[in-house]
Amino acid sequence: MLRHRRSPIFPISPISPISPMETLYSIALTRVFSYQPAALLQLFQQLGSATAIMEHRNDIRAAVPDASPKLQEMLLTVDGELSRAEQELLFDQKHAISVLCFNDTGYPQRLRECADAPLVLYYRGTADLNSRHVINMVGTRHCTPYGQDVVRRFLSELRLLCPDVLVVSGLAYGIDIEAHRQALHNGMPTVGVLAHGLDDLYPSRHRETAIQMLSQGGLLTEFTTHTNADKVNFVRRNRIVAGMADACILVESAAKGGGLITAEMARSYHREVFAVPGRLGDNFSEGCNNLIRDNVAMMLTSAEAFVSVMGWESAARLQEAQQQGIERSCFPALSIDEQSIVAFLRQEGDLQTNALATATGIPIGRLTSLLFQLEMKGVVKTLAGGVYHLLE
């Protein structure tokens, strides 16, 4: 029997409506497909559930005729992981760790749009992973006083302009931990995405901050217990940081670094990417300056400018209007772009902002502004995870 030598740093209440067997099978499958999450997710989407995959593990070609020999071979090893998955579930249940499967309502809906999203996430915390607004703040592990000051001022201003923002980062040294600490200081929820299991914490010197985050945010990972913080896991971790947010903010980065990897992943997921400019010649501003120069990232100058670009500037006004009750016009006048949005929602059903941006070809910044106008007109309403629903 596998024995867990380490204990979690703090418990929370579990949340998972998925059946126990679906959860068990999901864990076992993710262990087999540890380095091929995209292949597993594609198979999951084809068959609809981890349970369906397990039912066809010995005859996968009956369900997926073009299944490769490699896929067949991998599925034949799943039974050997069931015992390990059972041990994982026992540990999670004992320590009140939430196991979020792909179809779980608590799973980050923005991340679900990504082709390489993990089938299972392990979560401990109190924050809503599907908050109305989510950003990630990343950068060098060797941040300067300039970078620390940027994080402090930005989050302080952002809280006043748009208080319902979840701040995500990787709990690493430098910009990451500064983002978490400043979010805590400003009363904002903040989630750290880890490169190892929830039975340990790396770096250990961030334990005190991590404990605070559990009551004002949380810790999230795709890795099972007894997973070491190996170098490759940090790159895999970055895709979750990038995928679960609306925007990526790179504060400081050298010409190469993990922050740049996260920014590139965010861009590949059609997220907005911002970079903080720095002085020419400064080592830890070179990466940011290069992204701005190459039009890969927008230049971040203030929280006010950021909120405006994201179309979040009217969030407070919308909330006030919703509290007072929005009277829907019987025949609201719609612009051509608004009509295009309505047409796609009518055709495709509920869609997340980024999916709408891809479908309509409208830049995300302008799209969020248009969606706000449609909501004010009583044409659409916002659901969890930034999903928009057409009110017919």
Side-chain angles (χ1 to χ4, degrees), residues 133-162 165-186 188-193 195 203 206 209 213 217 234-235 237-267 269 271-310 312 365:
H133 304 307
V134 185
I135 65 169
N136 67 61
M137 295 194 78
V138 296
T140 177
R141 298 184 179 214
H142 308 283
C143 68
T144 68
Y146 168 70
Q148 292 175 325
D149 189 52
V150 166
V151 174
R152 179 186 61 80
R153 287 187 292 107
F154 178 81
L155 290 181
S156 178
E157 294 172 4
L158 183 63
R159 179 184 65 84
L160 297 175
L161 294 168
C162 195
V165 177
L166 171 64
V167 180
V168 177
S169 199
L171 207 76
Y173 292 107
I175 295 298
D176 285 27
I177 193 64
E178 189 67 23
H180 292 307
R181 288 171 177 165
Q182 289 302 323
L184 290 171
H185 177 72
N186 285 284
M188 304 169 74
T190 180
V191 168
V193 184
H206 293 165
T209 300
M213 291 167 62
F234 287 94
V235 177
R237 179 273 308 274
N238 289 350
R239 83 186 195 283
I240 298 176
V241 174
M244 65 182 292
D246 298 305
C248 172
I249 299 175
L250 184 65
V251 179
E252 282 189 310
S253 176
K256 294 182 179 180
L260 286 173
I261 295 174
T262 304
E264 179 55 37
M265 289 176 169
R267 187 166 179 256
Y269 297 147
R271 306 302 194 251
E272 298 287 7
V273 179
F274 297 81
V276 175
R279 218 168 34 176
L280 296 179
D282 282 359
N283 184 39
F284 293 116
S285 288
E286 185 176 358
C288 293
N289 290 341
N290 289 344
L291 291 187
I292 296 170
R293 177 200 64 196
D294 298 336
N295 292 319
V296 173
M298 287 177 280
M299 182 167 64
L300 184 75
T301 56
S302 68
E304 184 177 3
F306 170 79
V307 169
S308 178
V309 169
M310 294 300 295
W312 297 351

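This is a predicted model, so every value here is computed, not measured.
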Non-hydrogen side-chain atoms of [X] and [Y] separated by less than 4.5 Å:
| X | Y | value |
| --- | --- | --- |
| L291 | L260 | yes |
| D149 | R152 | yes |
| D246 | W312 | yes |
| M299 | P277 | yes |
| M188 | L158 | yes |
| V276 | E252 | no |

Can you list the steps and then say if V235 with M265 is a side chain to side chain contact (heavy atoms under 4.5 Å, CB included)? CA-CA 10 Å; V235 177; M265 289 176 169; 4.1 Å; yes
Least distance between heavy atoms, [X] atom then [Y] atom:
| X | Y | result |
| --- | --- | --- |
| Y269 | G243 | CD1-CA, 3.7 Å |
| G139 | L250 | CA-CD1, 3.9 Å |
| S169 | V138 | OG-CG1, 4.2 Å |
| T190 | A183 | CB-CB, 3.7 Å |
| A245 | I135 | CB-C, 3.8 Å |
| A275 | C288 | CB-O, 3.9 Å |

Separation between [atom1] of [X] and [atom2] of [Y], rounded to the nearest 0.5 Å:
| X | Y | atom1 | atom2 | value |
| --- | --- | --- | --- | --- |
| E264 | R239 | CD | CZ | 16.0 Å |
| R271 | N136 | CZ | CG | 10.0 Å |
| M137 | L155 | CE | CG | 5.0 Å |
| R279 | N289 | CZ | CG | 11.5 Å |
| T140 | F284 | OG1 | CZ | 4.5 Å |
| S253 | H142 | OG | NE2 | 11.0 Å |

Answer yes or no: is there a donor N or O on one side and an acceptor on the other, between the side chain of T262 and the main chain of G258, under 3.5 Å?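 Indeed, once roles are kept as given, a pair shorter than 3.5 Å links the two residues.
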Are any side-chain N or O atoms of R237 and backbone N or O atoms of V193, one a donor and one an acceptor, separated by less than 3.5 Å? yes
Given side chain to side chain contact (heavy atoms under 4.5 Å, CB included), test M213 with L184 step by step and report yes or no. CA-CA 7 Å; M213 291 167 62; L184 290 171; 4.0 Å; yes
Give the C-alpha distance, both sets of side-chain angles, the deciding distance and a yes or no for side chain to side chain contact (heavy atoms under 4.5 Å, CB included) between F154 and I249. CA-CA 11 Å; F154 178 81; I249 299 175; 3.5 Å; yes
Only one of H180, E178, H185 forms a side-chain hydrogen bond (donor to acceptor under 3.5 Å, both in side chains) with Q182, so which one is it?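 With Q182 as partner, side-chain hydrogen bond (donor to acceptor under 3.5 Å, both in side chains) holds for just one option, E178.
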D176 and H206: CA distance, side-chain angles, deciding distance, side chain to side chain contact (heavy atoms under 4.5 Å, CB included) verdict: CA-CA 11 Å; D176 285 27; H206 293 165; over 6 Å; no
